[in-house]
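In what follows, chains are A, B, ... by sequence order, proteins preceding strands, each numbered from 1.
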Amino acid sequence: MSNREEPLNFIEKTIQSDLDSGGFSSIRTRFPPEPNGYLHIGHAKSICLNFGLATSFSGECNLRFDDTNPEKEDGEFVRAIIDDVKWLGFQWDGEIRYASDYFLKLYEWAQHLVSVNKAYVCELDLDEIRRYRGTLTEKGTNSPYRDRSPEESLVLLERMRKGEIDEGAMTLRAKIDMGSPNINMRDPVIYRIKKLEHQRTGAEWKIYPSYDFAHGQGDALEGITHSICTLEFQANRPLYDWFIANLPVPSKPRQYEFGRLNINYLVLSKRKLKKLVDDKLVDGWDDPRMPTLRGLRRRGVSARAIRDFCDSLAIAKTDGIVDISQLEHFVRDDLNRHAYRGMCVMNPVRLSLHNYEAAKTEILDIPRHPDRLDLGLREVPFSSTIFIDRNDFTEDTSLSRKKFKRLVLGDYVRLRGGYIVKATSVDKNARGEVQQINGEIVEKTVGQAPPAGIKPRGVIHWVSEAHAVNCTIRQYDRLFSTAFPEEGNKPFVDYINPKSLVIKRNCKAEASLKNASIGEHYQFEREGYYCLDSVLSCPSDLVFNCTIGLRENPDKYK
RNA sequence: UGGGGCGUAGCCAAGUGGUUAAGGCAACGGGUUUUGAUCCCGUCAUUCGUAGGUUCGACUCCUACCGCCCCAGCCA
């Protein structure tokens, strides 16, 4: 076990006791995505769990695509998933596996089941199968084809495989118990005819195994010891065990279920995420507002933040809803530690410093990170005209120092990393709006404590006008305006927050940001964390995504 | 309704017969601060879905009840 102080979760306890009792000499887990969509943060929990368990117990973790349904799957998703798992920081053992690698073996096992009279070819159609299945309270009825001889089923199964039977006309069913209180055990369909090309096996197969018939056997073939899935598969476990018990499999994996991740203000179901994309409610699977790994990445959330968040989650059998603030905490925590600092003025107004030589430019050296001097310094040019944020200035001299820790007409404020300045007057336009602030610097205050008698109200960020880099900022807010978009009376898309994306143009970034690179994270001081947008940004027009704002003091004057 | 699960603070949770009922997030006080950030310190369940019972002693065992989730795809 790792050196973690945390108490063991129920899966870790099981593994520990399996190892202690000699049930296994080592463990092997697997992450088994279906390539029918992109990975989201819910998958990240499963990835971190499976790979993490393998690491903690010195075992291995496989990556296996559950590609048993060619109708919804395709190679583009396979590529994206592989890329996302790598980006998250995990390495699977050996080759990537595919359920489709086992189609032949699975088919032989299906024949085996038929030959020992534990499966049969059924000719009931979709509707009939449903009726014969019974309901939650009424037992099912045996299919009229249930007692067909193994020999006849074998012939029919072969004809299904060859494509001689129409889609929907026949299925292969496990012969278990139509009277079982567990509906999954009422002769489940294990092979269906689909005359569809598969992204990997092409036209080779006309029949495809069901999830239940493929998953556990795939686990057994790969020597998976602990097959971890989500709670909704609990009712499938008896079936999982039945196949393992009735087939000559090379190992005996066991299935364990944990509660999947839910986060308020977010939607985490492939179907719903797909709808957002298909209906163009967002700009694709990698829209920075999407909880997909690609969206989060483009937004500026690091893989480490996602891993830290996932590690903070409980592995339990309750299906709870985690507060989004827990995710946000880990995002900020990581960014605070690693992001370079910089300044960017989003609502610029000119501040002209009249006692500073007009033609002069001074280069100020400011740390890239205030707590990590090892990261070095950045050069920030200062000159007589700078931009500050309109919200950082007021003519209202009645505001207390505690209420407004910024620039007030007639008072002093510290420019971050630079001089203390004083506002002396304002120029207004015909509408009475502040056009420019006039002021002066206090000499010899760069890096120095304020001289006696001068008490700056606070510290504000700024950018030299002559050296400013124009940029566009994309500010994101929650995609949904309600905590539980799936629980209202209206369709979840009706709760989309119209202000989830606000674009601010002509923002003024400090000169060093001209060299910002994709994949790098920045904190624009007093504002938040930002990163270059990997698709919209270009050298001539820098576009920054707001990953997340800084935490705000609730008393902060707005 | 048959079956399978789950109920501990605003949220996520640890706890498996004797502990002051961990920890994280949030919130709220206070300190530090050239980011209203960070950091630091402190507060935050006399009570564990409810009601009974067993026991010297129950979040832990028993009984009943209540609530929530999953299963009736030839999806996974």
**Student:** Can you tell me the Watson-Crick or wobble partner of B:G57, both distances under 3.5 angstrom?
**Tutor:** none

**Student:** Rounded to the nearest angstrom, tell me the gap between atom CZ in A:F524 and atom P in B:U35.
**Tutor:** 18 Å

**Student:** For B:A27, which nucleotide in any strand shown is its Watson-Crick or wobble partner with both distances under 3.5 Å?
**Tutor:** B:U43

**Student:** Take atom CG of A:L239 and atom P of B:G3, then tell me their distance rounded to the nearest Å.
**Tutor:** 19 Å

**Student:** Mind calculating the distance between CD1 (A:I183) and C1' (B:C71) to the nearest angstrom?
**Tutor:** 6 Å

**Student:** Give a yes/no answer on whether the side chain of A:K455 brings an N or O atom under 4.0 Å of OP1 or OP2 in B:U34.
**Tutor:**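 Negative; the distance criterion is not met.
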
**Student:** Give the C-alpha distance, both sets of side-chain angles, the deciding distance and a yes or no for salt bridge (charged side-chain N to carboxylate O under 4.0 Å, His left out) between A:R64 and A:D101.
**Tutor:** CA-CA 10 Å; A:R64 177 171 78 235; A:D101 290 341; over 6 Å; no

**Student:** Could you tell me whether A:K455 sits above the aromatic face of A:Y412, with NZ or CZ closer than 6.0 angstrom to the six-membered ring centre and within 45 degrees of the axis?
**Tutor:**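 No, cation not above the ring by the 6.0 Å, 45° rule.
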
**Student:** Roughly, in whole Å, what's the span from CG in A:L231 to P in B:C68?
**Tutor:** 17 Å

**Student:** By nearest atom, which of the nucleotides B:C75, B:C71, B:A72 is closest to the A:N184 side chain?
**Tutor:**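 It is B:C71.
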
**Student:** Taking only Lys NZ, Arg NE, NH1 and NH2, and the carboxylate oxygens of Asp or Glu, determine whether A:R192 and A:E167 approach each other closer than 4.0 Å.
**Tutor:** no

**Student:** Ignoring the backbone of A:V459, work out which of B:U34, B:C75, B:A72 is nearest its side chain.
**Tutor:** B:U34

**Student:** Would you mind reporting whether A:E525 and A:V459 have side-chain heavy atoms less than 4.5 Å apart?
**Tutor:** no

**Student:** Can you tell me the pairing partner of B:U38 across any strand shown, Watson-Crick or G-U wobble, with both distances under 3.5 angstrom?
**Tutor:** none

**Student:** Expressed in whole Å, how much space separates the P atoms belonging to B:G15 and B:C6?
**Tutor:**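 Comparing P positions in B:G15 and B:C6 gives a spacing of 14 Å.
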
**Student:** On RNA chain B, check which nucleotide each of A:T137 and A:N236 is closest to and give me the residue with the more 5' one.
**Tutor:**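 The 5'-side residue here is A:T137.
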
**Student:** Does any part of the side chain of A:T201, heavy atoms only, come nearer than 4.5 Å to the side chain of A:F103, both counted from C-beta?
**Tutor:** yes

**Student:** Is the distance between the ring centroids of A:F213 and A:W109 less than 6.0 Å?
**Tutor:**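 No, ring centres 6.0 Å or more apart.
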
**Student:** Under 4.0 Å between a side-chain N or O of A:H461 and OP1 or OP2 of B:U35?
**Tutor:** no

**Student:** Under 4.0 Å between a side-chain N or O of A:R133 and OP1 or OP2 of B:C74?
**Tutor:** yes

**Student:** Should B:G2 form a Watson-Crick or G-U wobble pair with both distances under 3.5 Å, which nucleotide is its partner?
**Tutor:** B:C71

**Student:** For B:A13, give its Watson-Crick or G-U wobble partner with both distances under 3.5 Å, or none.
**Tutor:** none

**Student:** With the side chain of A:L136 defined as its heavy atoms from C-beta on, choose the nearest nucleotide among B:C74, B:G36, B:A72.
**Tutor:** B:A72

**Student:** Is the distance from OP1 or OP2 of B:G2 to the nearest side-chain N or O of A:T135 less than 4.0 Å?
**Tutor:** no

**Student:** Taking CD1 from A:I263 and P from B:C12, how many angstroms apart are they, rounded to a whole number?
**Tutor:** 12 Å

**Student:** Ignoring hydrogens and angles, answer whether the base of B:G36 and the side-chain atoms of A:R406 contain a donor-acceptor pair closer than 3.5 Å.
**Tutor:** yes

**Student:** Return no unless some side-chain N or O of A:K194 is found under 4.0 Å from OP1 or OP2 of B:C75.
**Tutor:**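 Yes.
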
**Student:** Centre of A:Y265's six-membered ring, under 6.0 Å away, within 45 degrees of the axis: is that where NZ or CZ of A:R478 sits?
**Tutor:** yes

**Student:** Would you say A:T318 places a side-chain N or O within less than 4.0 Å of OP1 or OP2 belonging to B:G5?
**Tutor:**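 Indeed not, no polar side-chain atom of A:T318 lies that close.
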
**Student:** Quick check: on RNA chain B, is the nucleotide nearest A:E527 upstream (toward 5') of the one nearest A:A169, or the reverse? Name the residue that is more 5'.
**Tutor:** A:E527

**Student:** With syn defined as a glycosidic angle within 90° of 0 and anti as everything else, classify B:G53.
**Tutor:**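 What B:G53 shows is an anti base, its glycosidic angle lying more than 90° from 0.
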
**Student:** Closest to the A:K405 side chain: B:G36, B:C74, B:A76?
**Tutor:** B:G36

**Student:** Nearest of B:A72, B:G5, B:A76 to any side-chain atom of A:Q234?
**Tutor:** B:G5

**Student:** Nearest-Å distance, CD (A:E12) to C1' (B:A14)?
**Tutor:**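 Going from A:E12 (CD) to B:A14 (C1'), I get 13 Å.
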
**Student:** Under 6.0 Å from the six-membered ring centre of A:F65 and within 45° of its axis: does the NZ or CZ of A:R97 meet both?
**Tutor:**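 Output no; distance or angle outside limits.
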
**Student:** For A:Y38, enumerate each residue passing the ring-ring contact (aromatic ring centres under 6.0 Å, His included) test, keeping only those at least two apart in sequence or located in another chain.
**Tutor:** A:F77, A:W285

**Student:** Whole angstrom is fine here: how far is it from CD in A:E486 over to P in B:C70?
**Tutor:** 11 Å

**Student:** Which nucleotide in the list B:C69, B:G2, B:C25 gets nearest to the side chain of A:Q326?
**Tutor:**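 My answer, after comparing the listed nucleotides, is B:C25.
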
**Student:** With C1' as the reference atom in both, quote the distance from B:G23 to B:A14 in angstrom, rounded to an integer.
**Tutor:** 7 Å

**Student:** Between A:R307 and A:D311, does at least one N-O distance fall below 4.0 Å, as a salt bridge requires?
**Tutor:**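 The answer is no: the pair does not qualify as a salt bridge.
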
**Student:** Paired with B:C65: which nucleotide, if any, by Watson-Crick or G-U wobble criteria at under 3.5 Å for both distances?
**Tutor:** B:G49

**Student:** If I pick the C1' atom on B:C44 and the same atom on B:A64, what distance separates them, to the nearest angstrom?
**Tutor:** 35 Å

**Student:** Counting side-chain heavy atoms from C-beta on, which of B:C74, B:A72, B:C75 comes nearest to A:N69?
**Tutor:** B:C75

**Student:** Sort me out a list of protein N/O and nucleotides 37-41 of chain B N/O pairs below 3.5 Å, or just none if empty.
**Tutor:**
| from | atom 1 | to | atom 2 | distance (Å) |
| --- | --- | --- | --- | --- |
| B:U38 | O2' | A:N336 | ND2 | 2.8 |

**Student:** P atom, B:C59 versus B:U50: distance in rounded Å?
**Tutor:** 11 Å

**Student:** Checking only heavy atoms, does the side chain of A:R414 share a donor-acceptor pair with the base of B:U34 at less than 3.5 Å?
**Tutor:** yes

